[in-house]
Asker: 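Sending over a structure as structure tokens; questions will come in a sec.
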Amino acid sequence: MIQYRVGGDVGTLEDWPFDNPLSQYRITRATPRASGRLDAGGPGHTTRFGIWRCTQGAFECIEQGDELMTVLSGTCTLTNHTEGTSIKLEPGDSLFIRDQSHVTWDIENDLTKVFHGFKRDGY
């Protein structure tokens with residue numbers, strides 16, 4: 001069993017550079033750095049589950065997979081250009097986002113989220 005708590009320690013994470021060409025990352029403010037860990041699934045699977053953290057800054061990308069996330073710490077504004085919506089996320093907030101959504105992550109305070117992703121053709 002794995003438990004995640006708002007504000008709790010999530011353990012060791014590894015660097016996750018912004019280098020997936022499918023995501024078309026574009027840094028738009030500061031120099032955000034991402035890290036994470038997969039706790040289940042991953043390459044070759046249709047689902048993945050884990051932790052993602054990013055430092056302050058902003059970037060645009062194309063989301064890879066449907067994803068349900070819950071913010072554990074930090075704050076950000078997520079703009080979904082595909083839907084024309086924007087939402088501020090804080091600890092305890094959950095959000096579902098669709099595969100191939102064009103989004104901007106504007107991270108005001110280092111953000112940590114737990115996520116569950118699904119991609120029909122696999123990651």
Asker: Show your working on side-chain contact (heavy atoms from CB on, under 4.5 Å) between Thr112 and Tyr4 and close with a plain yes or no.
Answerer: CA-CA 11 Å; Thr112 303; Tyr4 305 100; over 6 Å; no
Asker: Measuring only between side-chain heavy atoms, which start at C-beta, is Phe49 closer than 4.5 Å to Val114?
Answerer: yes
Asker: Decide yes or no for Ser73 and Asp110: does some side-chain heavy atom of the first lie under 4.5 Å from some side-chain heavy atom of the second?
Answerer: no
Asker: For Lys88 and Glu108: C-alpha separation, side-chain torsions, deciding distance, then whether side-chain contact (heavy atoms from CB on, under 4.5 Å) applies.
Answerer: CA-CA 10 Å; Lys88 182 161 182 143; Glu108 295 106 27; 3.7 Å; yes
Asker: Does the side chain of Thr75 pick up a donor-acceptor pair with the side chain of Asn109 at under 3.5 Å?
Answerer: yes
Asker: Is the gap between the ring centers of Phe96 and Phe118 under 6.0 Å?
Answerer: no
Asker: Any side-chain heavy atom of Pro32 within less than 4.5 Å of one from Phe18?
Answerer: yes
Asker: Asp66 and Lys119: side-chain contact (heavy atoms from CB on, under 4.5 Å), yes or no, with the steps?
Answerer: CA-CA 6 Å; Asp66 291 337; Lys119 190 162 183 76; over 6 Å; no
Asker: Which atom names give the shortest non-hydrogen contact between Asp99 and Gly65, and what distance separates them?
Answerer: OD1-N, 2.7 Å
Asker: Which heavy atom of Ser86 sits nearest a heavy atom of Thr77, and at what distance?
Answerer: OG-CG2, 3.3 Å
Asker: Is there side-chain contact between Asp106 and Thr79, with at least one heavy-atom pair below 4.5 Å?
Answerer: no
Asker: Does any part of the side chain of Asp93, heavy atoms only, come nearer than 4.5 Å to the side chain of Ile87, both counted from C-beta?
Answerer: no
Asker: How about Tyr25 and Pro17: do any of their side-chain heavy atoms sit closer than 4.5 Å?
Answerer: no
Asker: Rounded at 0.5 Å granularity, tell me how far NZ in Lys113 sits from OG in Ser94.
Answerer: 11.5 Å
Asker: Would you call Arg37 and Asp39 a salt bridge, using N to O less than 4.0 angstrom?
Answerer: yes
Asker: Under a 3.5 Å cutoff, is there a donor and acceptor pairing between the side chains of Thr47 and His116?
Answerer: no
Asker: Test of understanding: clusters of I, L, V, M, F, W, Y form through side-chain heavy atoms closer than 4.5 Å, transitively. Do Tyr123 and Ile62 belong to the same one?
Answerer: no
Asker: Measure the shortest side-chain to side-chain distance between Arg53 and Trp16 over non-hydrogen atoms and say whether it is less than 4.5 angstrom.
Answerer: no
Asker: Decide side-chain contact (heavy atoms from CB on, under 4.5 Å) for Trp105 and Leu111; before the verdict, give the C-alpha distance in whole Å, the side-chain angles of both, and the deciding distance to 0.1 Å.
Answerer: CA-CA 10 Å; Trp105 288 87; Leu111 187 83; 3.8 Å; yes
Asker: Are Ile107 and Leu72 co-members of a hydrophobic cluster defined by side-chain heavy atoms under 4.5 Å apart?
Answerer: no
Asker: When clusters are formed by joining ILVMFWY residues with side-chain heavy atoms under 4.5 Å apart, either directly or through shared neighbours, do Ile97 and Leu89 land in the same one?
Answerer: yes
Asker: May I ask you to decide whether Asp15 forms a salt bridge with Arg33, counting only side-chain N to carboxylate O separations under 4.0 Å?
Answerer: yes
Asker: If hydrophobic clusters are built by linking Ile, Leu, Val, Met, Phe, Trp and Tyr wherever their side-chain heavy atoms come under 4.5 Å apart, do Trp52 and Val10 end up in the same one?
Answerer: no
Asker: Can you name the closest pair of heavy atoms from Thr31 and Thr55 and give their distance?
Answerer: O-OG1, 4.0 Å
Asker: Nearest 0.5 Å, what's the CD-CD distance between Gln24 and Gln64?
Answerer: 8.5 Å
Asker: Please examine the side chains of Arg98 and Glu63, heavy atoms only from C-beta on, and report whether any two atoms are closer than 4.5 Å.
Answerer: no
